[in-house]
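Down below is the structure, laid out as structure tokens.
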Amino acid sequence: MSTVELLGKQEYKYGFVTDIESDVIPRGLTEDTIRLIVAKKNEPEWMLEFRLKAYRHWLTMTEPKHWPNISYPEINYQDVIYYSAPKRKATKASLDEVDPELLRTFEKLGIPLTEQKQLAGVAVDAVFDSVSVATTYKEKLKKHGVIFCSFTEAIREYPDLVRKYLGSVVPTNDNFFAALNSAVFSDGSFCFIPRGVRCPMELSTYFRINNSESGQFERTLIIAEEGAYVSYLEGCTAPKFDKNQLHAAVVELVALDDAQIKYSTVQNWYAGDEKGVGGIYNFVTKRGKCAGRNSKISWTQVETGSAITWKYPSCILQGDNSIGEFYSVALTNHAQQADTGTKMIHLGKNTRSTIISKGIAAGKSNNSYRGLVKVMPKAENSRNYTQCDSMLIGSNSGANTFPYIEVMNNTSSVEHEASTSKISEEQLFYLQQRGISQEDAVSLIINGFCKDVFLQLPMEFAVEAQRLLGMKLEGSVG
Amino acid sequence: MLEIKDLHAGIDGNEILKGINLTVKKGEIHAIMGPNGSGKSTLAKVLAGHPAYQVTKGEILYEGKNLLAMAPDERAREGVFMAFQYPIEVPGVSNAQFLRLAYNEKRKHLGEEELDPLEFKDLLKERAKVVEMDASFMTRSVNEGFSGGEKKRNEILQMAVLEPKLAVLDETDSGLDIDALRIVAGGINQLHSPENAVILVTHYQRLLDYVVPQYVHVLANGRIAKEGGKELALELEQKGYDWLKTTATETSGATVRAS
């Protein structure tokens with residue numbers, strides 16, 4: 001009778017559109033488009049060169065369509081709008097100058113930006129379509145020497161730092177989407193934690209796509225100098241549109257000697273409807289470089305949104321004794337497709353990496369883990385531990401694991417564990433027999449399955465993530 | 001409290017229960033016995049609302065309400081509890097977390113305030129004494145890595161926390177060594193009161209040495225073949241079930257085969 005099957009009636013509560021006048025450039029991408037973006041943003045010559053170099057390289061590249069386990073119709077890159085900014089120009093000297101409509105939008109998303117209502121303990125950079133509209137706690141952070149601002153401001157105010165690190169982890173020619181991003185990125189967040197400073201609060205960026213025709217191409221650059229520590233959070237949502245929107249971001253992290261960066265994401269882009277109409281195409285390149293000795297970079301991601309997710313937050317373990325971690329929950333429902341995982345590149349001696357990946361596939365969705373562990377000849381005594389677990393809900397979803405392991409010395413060890421399970425009717429019945437509703441039961445089982453990852457999230461985020469998973473699966477069994 | 005009338009039920013189109021009649025009143029302990037395949041566990045699962053079983057005929061009234069119209073979780077919140085023969089593992093979910101959720105669901109249902117984790121911890125500590133379980137069980141994942149005996153004790157712990165009005169214990173004695181059996185039976189006795197009722201589903205008589213039923217019903221071929229007091233269980237222990245199998249089948253109802 002009631003086999004676990006998909007009903008899927010969950011409403012996406014962030015699907016509203018903000019009615020705001022925007023400064024939009026014509027669709028399409030040429031060198032002139034890039035010059036126009038540079039002009040709009042008043043960028044220096046070196047930025048134009050950076051972008052053009054990336055663009056020219058991009059023209060020679062092809063979209064990676066053959067190897068990821070995803071399929072989607074041809075993207076017409078000439079049909080995308082590469083820059084869209086709310087018109088009333090906020091110079092952001094003060095929050096009072098931000099368009100109240102934007103403040104209301106972010107408040108509705110649970111991200112109050114105004115002085116009185118700001119989230120305690122978390123500094124937020126709010127990005128709306130192509131631009132950053134507000135950054136909170138900037139002054140307070142500055143007292144500690146921490147720079148946290150929009151990318152536009154960083155290019156203007158801290159050009160030396162930006163020039164030094166931009167593209168140092170993800171080169172402009174790294175891959176098709178990174179090249180595209182390097183050519184047209186319009187804003188994003190910049191964080192710099194100076195030597196010996198433990199960032200006194202969580203830093204976060206909230207990304208919102210509002211325009212139905214524009215893509216979002218943002219850039220995040222986080223630098224932790226010697227002995228510095230920072231925990232950074234990223235959240236994202238978008239309105240419901242029938243059309244697909246392109247999101248191609250690049251995130252670069254640099255950790256010097258003894259520095260630690262903890263990067264957490266709860267991704268909740270609009271995923272399209274039950275039939276797979278609409279939703280965000282999320283093609284993201286995230287990479288951290290443990291440049292210094294004893295440095296550590298941890299990626300924690302909870303991926304619940306997007307029609308397509310193509311994303312491999314990675315670590316280059318260059319410094320001796322450096323540590324890379326990747327904790328991931330990827331949930332797909334309906335017609336969503338995710339091909340996500342990580343790359344751990346061991347270069348330094350005694351480097352260690354841990355990968356914990358939990359994939360949950362419901363509906364007709366397809367969920368793949370793809371991970372590379374590469375231990376180079378000089379990375380002696382390195383270790384990796386990988387655990388990939390998949391859970392299937394219903395009988396129409398799919399889960400795959402594609403591990404790639406290359407070890408080039410004989411003093412290192414690599415472990416890989418994988419499992420696939422299903423929520424069984426017996427498990428649901430057991431919980432229901434104790435008075436727990438079916439939906440709560442599913443949520444409890446899923447949260448138990450993801451526990452190892454949720455433990456890595458900052459507290460508020462963990463609560464949010466648990467709630468989100470429950471919501472996303474509401475009505476997915478019956 | 002419970003009235004089962006001419007209950008027919010089965011799985012995948014195979015009829016297993018072929019007309020069960022049973023009445024259970026507050027304060028009573030009933031034992032359902034019978035050979036393998038007689039329908040004992042099916043009866044327990046139908047009472048709890050297992051989705052794989054279909055009721056084809058008959059009715060079940062629980063406190064005057066139509067039990068069959070309620071979802072399994074509704075039945076549980078109304079006070080129907082089933083101890084599973086094979087308790088299920090829930091990885092990553094601690095016993096305490098699970099029990100608190102279940103307990104608060106019931107409280108919400110009764111219009112009472114939910115307990116926070118600290119308040120619940122105290123309650124859990126108290127109730128755990130019933131089955132002599134120590135605190136380490138509470139932080140472990142539900143039934144994961146538990147021995148057979150620990151799983152059964154955990155079932156009785158859940159019963160102690162949820163305080164059901166009607167507890168259906170499905171072969172709770174199976175796979176228990178004598179010490180665990182003593183603990184589990186002791187737990188059941190402590191929890192039984194004039195205000196609730198217990199149905200013990202068991203293959204063997206030995207549990208009934210510890211938990212003494214007023215009524216024993218013997219199932220064979222999906223029907224109640226014989227009913228009596230606690231002495232019937234002893235009789236079964238001596239004679240086995242074979243003689244009942246034959247009396248229960250319609251065609252050979254007249255001949256009693258010596259066993």
Side-chain angles (χ1 to χ4, degrees), chain A residues 1-5 7 327 329 331 356-360 387 389-391 394 417 419-457 459 462-463 465-467 469-470 475 477-478, chain B residues 11-13 44-45 47-55 70-95 97-110 141-144 151 154-155 157-159 161-164 168 170:
Chain A
M1 188 169 71
S2 85
T3 44
V4 182
E5 64 182 22
L7 292 175
Y327 299 97
V329 167
L331 177 139
I356 308 284
S357 164
K358 306 280 180 176
I360 304 150
Q387 188 187 332
D389 299 320
S390 307
M391 182 176 272
E417 286 180 25
S419 77
T420 303
S421 53
K422 258 188 115 154
I423 291 190
S424 69
E425 208 159 78
E426 291 302 324
Q427 231 174 0
L428 283 177
F429 176 61
Y430 187 63
L431 297 177
Q432 277 186 278
Q433 212 302 305
R434 299 303 182 245
I436 298 166
S437 71
Q438 192 173 57
E439 274 166 9
D440 287 349
V442 171
S443 174
L444 193 68
I445 293 166
I446 295 289
N447 280 314
F449 176 70
C450 301
K451 191 176 134 198
D452 295 344
V453 175
F454 287 164
L455 282 175
Q456 301 297 327
L457 286 172
M459 179 85 135
V463 173
Q466 291 190 18
R467 200 188 53 79
L469 286 199
V477 286
Chain B
I11 187 166
D12 299 331
K45 285 174 179 166
L47 283 171
H50 193 294
Y53 294 83
Q54 301 100 40
V55 172
M70 297 184 212
D73 46 320
E74 241 178 299
R75 298 182 195 196
R77 292 192 292 268
E78 286 285 339
V80 177
F81 177 89
M82 178 173 116
F84 282 55
Q85 182 178 5
Y86 305 107
I88 311 291
E89 298 181 2
V90 191
V93 177
S94 78
N95 227 3
Q97 186 190 358
F98 161 59
L99 282 168
R100 189 168 76 90
L101 184 62
Y103 182 74
N104 279 336
E105 285 299 328
K106 193 189 152 194
R107 291 193 52 115
K108 265 196 290 191
H109 182 69
L110 296 174
S141 293
V142 179
N143 294 325
E144 201 184 31
K151 283 183 182 172
N154 203 24
E155 292 294 288
L157 170 66
Q158 294 172 40
M159 177 177 159
V161 168
L162 297 173
E163 299 180 298
V168 184
D170 188 9

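Computation of the quantities below employed the complete heavy-atom set of this structure, encompassing side-chain atoms and omitting hydrogens, waters and symmetry-equivalent molecules. Chain letters run A, B, ... following the sequence lines, proteins first, then strands; residues in each count from 1.
Separation of the Phe429(A) and Tyr53(B) ring centroids does not fall under the 6.0 Å cut-off.
Pairing each heavy atom of Ala76(B) with each of Gly435(A), the nearest pair is CB-N, 3.2 Å.
Separating the CD1 atom in Ile88(B) from the CD atom in Glu425(A) is a distance of 11.0 Å, to the nearest 0.5 Å. Taken to the nearest 0.5 Å, the CD1 atom of Ile436(A) stands 14.5 Å off from the OH atom of Tyr103(B).
No other option in Val90(B), Leu101(B), Val161(B) has as many heavy-atom pairs under 4.5 Å with chain A as Leu101(B). Note on Arg77(B), Met82(B), Lys106(B), Glu105(B): by heavy-atom pairs under 4.5 Å with chain A, the leading option is Met82(B).
A heavy-atom distance below 4.5 Å is found between the side chains of Pro91(B) and Gln427(A). By the 4.5 Å heavy-atom criterion applied to side chains, Asp73(B) and Gln433(A) are not counted as neighbours. Using a 4.5 Å cut-off on side-chain heavy atoms (C-beta onward), Val93(B) and Phe449(A) make no contact. In this structure the side chain of His50(B) reaches within 4.5 angstrom of the side chain of Glu426(A), judged on heavy atoms.
Contacts of Tyr430(A) with chain B are made by both backbone and side-chain atoms, with heavy-atom separations under 4.5 Å. Residue Gln97(B) touches chain A through its side chain alone, counting heavy-atom pairs closer than 4.5 Å. For Tyr86(B), no part lies under 4.5 angstrom from a heavy atom of chain A. With a 4.5 angstrom heavy-atom cutoff, Pro87(B) touches chain A via backbone and side-chain atoms both.
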